[in-house]
Number of protein chains: 2
Amino acid sequence: MFPPSAISTSQPALAMLARTPWIREPVENGSEWESGLASTGTVMHFAQDQEIYGEGDDALTFFKVVSGVVRTCKFLADGRRQIDSFHIVGDVFGVEADAEHAFCAQAVCDCTVVAYRRRGLETAASTDADLSRHLFSHAMRTLSRAQDHALLLGRKSAIEKVAAFLVEWAAHSPGAVIVSLAMTRQDIADYLGLTIETVSRTLSHLERAAIIELSSARQIRLKDPAALRVLNS
Amino acid sequence: MFPPSAISTSQPALAMLARTPWIREPVENGSEWESGLASTGTVMHFAQDQEIYGEGDDALTFFKVVSGVVRTCKFLADGRRQIDSFHIVGDVFGVEADAEHAFCAQAVCDCTVVAYRRRGLETAASTDADLSRHLFSHAMRTLSRAQDHALLLGRKSAIEKVAAFLVEWAAHSPGAVIVSLAMTRQDIADYLGLTIETVSRTLSHLERAAIIELSSARQIRLKDPAALRVLNS
DNA sequence: CGATTGCTTGATACCTCTCAACCCAGGTGG
DNA sequence: CCACCTGGGTTGAGAGGTATCAAGCAATCG
């Protein structure tokens with residue numbers, strides 16, 4: 001699961017992360033958690049496309065993104081892939097109810113994560129009602145995203161899917177004129193249930209319609225965000 | 001939300017339901033819960049296609065199916081529908097993290113449910129670690145189903161989708177030779193991200209391949225369950 | 001440089017949708 | 001009892017959207 005090279009035992013002071021107040025980063029002077037979680041987070045680095053954990057691996061740890069982007073995905077026997085979610089800074093992933101990870105997690109680009117021991121979370125949650133509420137609400141938010149995603153996959157056309165993706169991804173950098181994509185067309189396609197060709201064609205289509213502008217393949221200017229939102233039905 | 005006719009104040013002794021030990025049915029002699037939840041479950045009946053709650057309704061209650069089948073679904077602005085899940089006896093639905101229901105819930109056929117006050121669950125969970133663990137695990141199981149569903153919607157062909165549906169639904173009556181469908185072709189189509197015609201054609205196709213036999217439209221004999229499972233990749 | 005990788009574009013195939021007709025079972029009313 | 005109606009389901013013909021196969025382009029990297 002963890003290539004030795006990926007593990008860093010150092011615990012630098014990390015910038016405050018906004019998303020998950022119920023999980024603190026390891027702090028400079030020790031490994032105690034504000035929430036009372038008596039577990040040490042381990043900072044780890046992964047290179048692009050490196051696997052963080054595989055589908056079916058023992059779920060002994062869960063993770064929080066410090067920098068970069070992580071994707072979680074499932075595969076069919078013949079290799080077809082469905083990306084469930086892209087995780088950005090502050091996002092927690094790999095929390096499971098079962099003993100095994102239901103997904104595989106990979107680095108979309110070079111990234112840094114903190115790994116936490118699952119046992120620590122579970123024992124802490126059993127006595128800390130507040131933490132336990134946070135855990136539940138994390139699960140429910142993840143669920144809600146998965147359900148919206150199912151609506152997209154089951155009932156939206158290619159152009160609606162791509163528009164939804166752009167709107168969702170743009171929300172991560174509010175106010176920005178240009179959206180920077182960390183992932184390849186293949187990632188986008190596997191997230192939206194399309195092929196790379198259809199993604200590419202659809203982006204070109206949106207550009208011809210003067211709704212977006214492809215400064216480069218990964219740099220997209222949203223010229224008409226309202227039009228994109230309309231496509232989200 | 002609740003058509004007055006649907007509410008029954010009587011609380012008959014209900015058969016023991018296996019699925020959710022963390023939520024008991026109201027018992028004959030009172031309304032106390034074994035789990036310590038000090039809230040009364042209200043037995044309610046709904047006719048086929050009747051709405052139990054709508055998308056965006058205040059999530060003041062959640063439900064457990066006593067008999068019949070319930071579907072939870074979302075809609076796009078133009079009416080396209082995606083069914084998230086079919087709920088059968090013992091299933092809990094309508095548990096939310098937000099103030100509002102994320103879905104709409106409707107009766108697939110005439111059915112009976114018990115409605116529970118959400119507040120009761122929440123206050124009980126705040127002091128009962130075990131209940132709170134059950135709540136979390138319920139959320140995670142629902143999440144896991146939603147994620148498998150997303151893989152199906154995004155990456156499977158029509159025949160694989162239908163096969164998956166039959167296998168999943170057949171699992172509800174293990175050992176049975178004939179699978180009884182409670183839902184219409186439209187329900188199946190909206191669950192699988194297909195049209196009714198494609199569902200119908202695919203079932204005919206499976207029948208011609210001697211994998212199933214349509215005793216009637218809603219009664220399906222699985223002649224070759226192994227073949228169905230193979231189609232699930 | 002050549003090789004590689006990611007992306008775009010074109011031609012064509014094919015799967016699923018759309019539109020339409022028809023069938024069938026069940027219910028209703030004459 | 002039968003004619004009729006209705007709703008759900010099936011089937012066919014054709015259209016259309018997305019996939020597939022293939023070629024070419026640009027940027028990056030040995």
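By convention in this document, chain letters (A, B, ...) are assigned in the order of the sequence lines, proteins followed by strands, and residues within each chain are numbered from 1.
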If you measure from SG on A/C111 to CD on A/Q106, what distance do you get to the nearest 0.5 Å?
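A/C111 atom SG to A/Q106 atom CD measures 11.0 Å (nearest 0.5 Å).
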How far does OG1 of A/T61 sit from CD of A/E96, to the nearest 0.5 angstrom?
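Going from the OG1 atom of A/T61 to the CD atom of A/E96 covers 10.0 Å.
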Donor-acceptor pair, side chain of A/T202 and main chain of A/T198, under 3.5 angstrom:
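Checking the backbone N and O of A/T198 against the side chain of A/T202, a donor-acceptor pair under 3.5 Å is found.
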Checking A/S204 side chain against A/S200 main chain: does a donor-acceptor pair fall under 3.5 Å?
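Side chain of A/S204 to backbone of A/S200: a pair is present.
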Measure from the ring center of B/F86 to the ring center of B/Y191 and say whether it is less than 6.0 Å.
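Yes.
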Qualifying residue for salt bridge (Lys or Arg N to Asp or Glu O under 4.0 Å) with B/R71, from B/D190, B/D49, B/D91:
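Among the candidates, only B/D49 passes.
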Within this structure, what is the [atom1]-to-[atom2] distance between [X] and [N], rounded to whole angstrom?
X	N	atom1	atom2	value
B/D190	D/dG8	CG	P	13 Å
B/L194	C/dT18	CG	P	11 Å
A/Q219	D/dA26	CD	P	19 Å
B/I188	D/dT10	CD1	C1'	14 Å
A/D78	D/dA19	CG	C1'	14 Å
B/L192	C/dT16	CG	P	12 Å

Does any donor atom in the side chain of B/E160 or B/S157 lie under 3.5 Å from an acceptor atom in the other side chain?
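Result is yes, a qualifying pair exists.
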Please check if any side-chain donor atom of B/R145 sits under 3.5 Å from a side-chain acceptor atom of B/S85, or the reverse.
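Their side chains do contain a donor-acceptor pair, which is all the 3.5 Å distance test asks for.
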Nucleotides 7-11 of chain C: which of its N/O atoms have a protein N/O under 3.5 Å away?
residue, atom, partner, partner atom, Å
C/dC7, OP1, A/R218, NE, 2.7
C/dC7, OP1, A/R218, NH2, 3.4
C/dC7, OP2, A/R185, N, 2.9
C/dT8, OP1, A/R185, NH2, 3.0
C/dT8, OP2, A/R185, NE, 2.7
C/dT8, OP2, A/S200, OG, 2.7
C/dT8, O5', A/S200, OG, 3.0
C/dT9, OP2, A/S204, OG, 2.4
C/dG10, N7, A/R201, NH1, 2.8
C/dG10, O6, A/R201, NH2, 3.1
C/dA11, N6, A/R201, NH2, 3.3

Please report how far the helix from C/dC1-D/dG30 to C/dG30-D/dC1 bends, comparing the axis fitted to its first five pairs with the axis fitted to its last five, to the nearest 10 degrees.
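Between the axes fitted at each end of the helix from C/dC1-D/dG30 to C/dG30-D/dC1 lies an angle of 20°.
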Parallel, tilted or perpendicular: which fits the ring planes of B/W169 and B/F165, with parallel below 30° and perpendicular above 60°?
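Parallel, since the angle between the ring planes stays under 30°.
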Measure up the A/H101 and A/F63 rings against each other and bin them: parallel (under 30°), tilted (30 to 60°), perpendicular (over 60°).
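Because their plane-to-plane angle lies in the 30° to 60° range, the rings of A/H101 and A/F63 count as tilted.
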Taking DNA chain C as the partner, which of residues 147-162 of chain A come within under 4.0 angstrom of it by heavy atom?
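Per residue number, the list is empty: none.
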A/L228 to A/L206 - nearest heavy-atom pair and separation:
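Smallest interatomic distance, heavy atoms only, reads CD2-CD1, 4.3 Å.
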